[in-house]
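Scope of the values below: all heavy atoms of this structure, side chains included, with no hydrogens, waters or symmetry mates.
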Amino acid sequence: DDTSKLEEYFQGVREIEKRISKDEQWIGVPRPKTSLAEPGSGVSGKDEIQLMYDIMCAALQTDSTRVLTYRQSTASILKSLAISIFPHDMSHYGTGPSMDASQRRDVAQSELLAGLLDRLKAVKETDGSRLFDNTTVVYGSNLRQSHTLENCPTLLAGGGSGIKLGQNRVLPKGTPLCNAWLTLLKGSGIKVERHGDSTGVIKELT
């Protein structure tokens with residue numbers, strides 16, 4: 001079993017290294033003076049996000065870290081989807097091209113996130129559980145439509161905090177987002193009574 005686990009890990013690392021090597025081809029290469037746009041790296045857009053997800057999964061698998069944060073490059077993923085609308089303008093959409101572009105971006109990001117969750121589920125721990133069962137994944141945005149901070153969409157996944165999965169909850173108006181963070185902290189065994197402007201845990205998740 002140990003040999004099998006090591007081979008699984010090394011194979012995953014080898015695949016990541018091959019994809020990172022595309023970026024390394026640009027290291028030290030002088031940037032040409034031209035009126036055209038600067039050359040991009042070998043990995044960008046959706047491919048970049050996929051690669052980062054794989055690296056994150058490998059880091060958790062090897063216990064190289066216990067906490068990871070990742071901010072996606074919105075402009076990069078839009079370019080890879082052939083969307084020319086400026087990212088900021090998409091947050092002020094009504095009907096029309098901005099709405100269509102926003103939906104296409106959301107679908108692409110959702111598919112990439114689903115791939116990360118599937119990857120975490122595929123990794124087996126030494127006790128027979130899945131890496132997904134021992135990890136807490138939070139996915140969301142710092143803003144809603146326009147510049148509002150209320151009712152920000154937030155996805156919680158993984159079994160690391162002991163929350164109930166497979167449900168969609170619409171909480172009462174005015175519920176602080178920090179209530180979700182407090183719920184995850186307590187579920188992870190952190191002895192804390194409040195976090196930010198929290199008013200309590202979200203009982204529907206426990």
Please answer whether the main-chain N or O of [Y] pairs with a side-chain N or O of [X] as donor and acceptor at a distance below 3.5 Å.
X	Y	value
Thr135	Phe132	no
Thr183	Ile202	yes
Lys164	Thr206	yes
Ser102	Ser98	no
Ser198	His195	yes
Ser76	Ser73	no

Which donor-acceptor pairs under 3.5 Å do side chains of residues 117-128 form with protein atoms, sequence neighbours excluded?
unit_1	atom_1	unit_2	atom_2	d
Glu125	OE2	Asn134	ND2	3.3
Asp127	OD1	Ser129	N	3.0
Asp127	OD1	Ser129	OG	2.6

Partners meeting side-chain hydrogen bond (donor to acceptor under 3.5 Å, both in side chains) with [X] (sequence neighbours left out):
X	answer
Asp197	none
Ser161	Thr136, Ser188
Arg194	none

Yes or no on side-chain contact (heavy atoms from CB on, under 4.5 Å) for Glu48 and Gln72, after CA distance, side-chain angles and deciding distance? CA-CA 9 Å; Glu48 175 187 352; Gln72 296 181 8; over 6 Å; no
How about Gln167: does its CD atom have over 12 heavy atoms from other parts shown lying under 6.0 Å from it?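 Counting other residues, nucleotides and ligands, CD of Gln167 exceeds 12 neighbours.
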Neighbour count >12 (heavy atoms, 6.0 Å) for atom CZ, Arg66: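 For Arg66, atom CZ is not crowded (no more than 12 foreign heavy atoms under 6.0 Å).
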ILVMFWY cluster membership beyond Leu185 - transitive side-chain contacts under 4.5 angstrom: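 Leu182, Ile190, Val192, Val201, all in the cluster of Leu185.
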If you link I, L, V, M, F, W and Y whenever their side-chain heavy atoms are under 4.5 Å apart, who else ends up in the same group as Val170?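 Traced through the cluster, Val170 reaches no other member.
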Starting from the C-alpha separation in whole Å, work towards a yes-or-no answer on side-chain contact (heavy atoms from CB on, under 4.5 Å) for Thr3 and Glu7. CA-CA 6 Å; Thr3 301; Glu7 179 57 31; 5.5 Å; no
For the side-chain contact (heavy atoms from CB on, under 4.5 Å) test, which of Val107, Asp100, Asp106 pairs with Arg104?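 Only one of Val107, Asp100, Asp106 forms a side-chain contact (heavy atoms from CB on, under 4.5 Å) with Arg104, namely Asp100.
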Nearest heavy-atom pair of Ile163 and Gly158: which atoms, and what distance?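 Closest heavy-atom pair between Ile163 and Gly158: CG1-O, 4.2 Å.
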Given side-chain contact (heavy atoms from CB on, under 4.5 Å), test Ile77 with Leu112 step by step and report yes or no. CA-CA 11 Å; Ile77 190 173; Leu112 288 164; 4.2 Å; yes
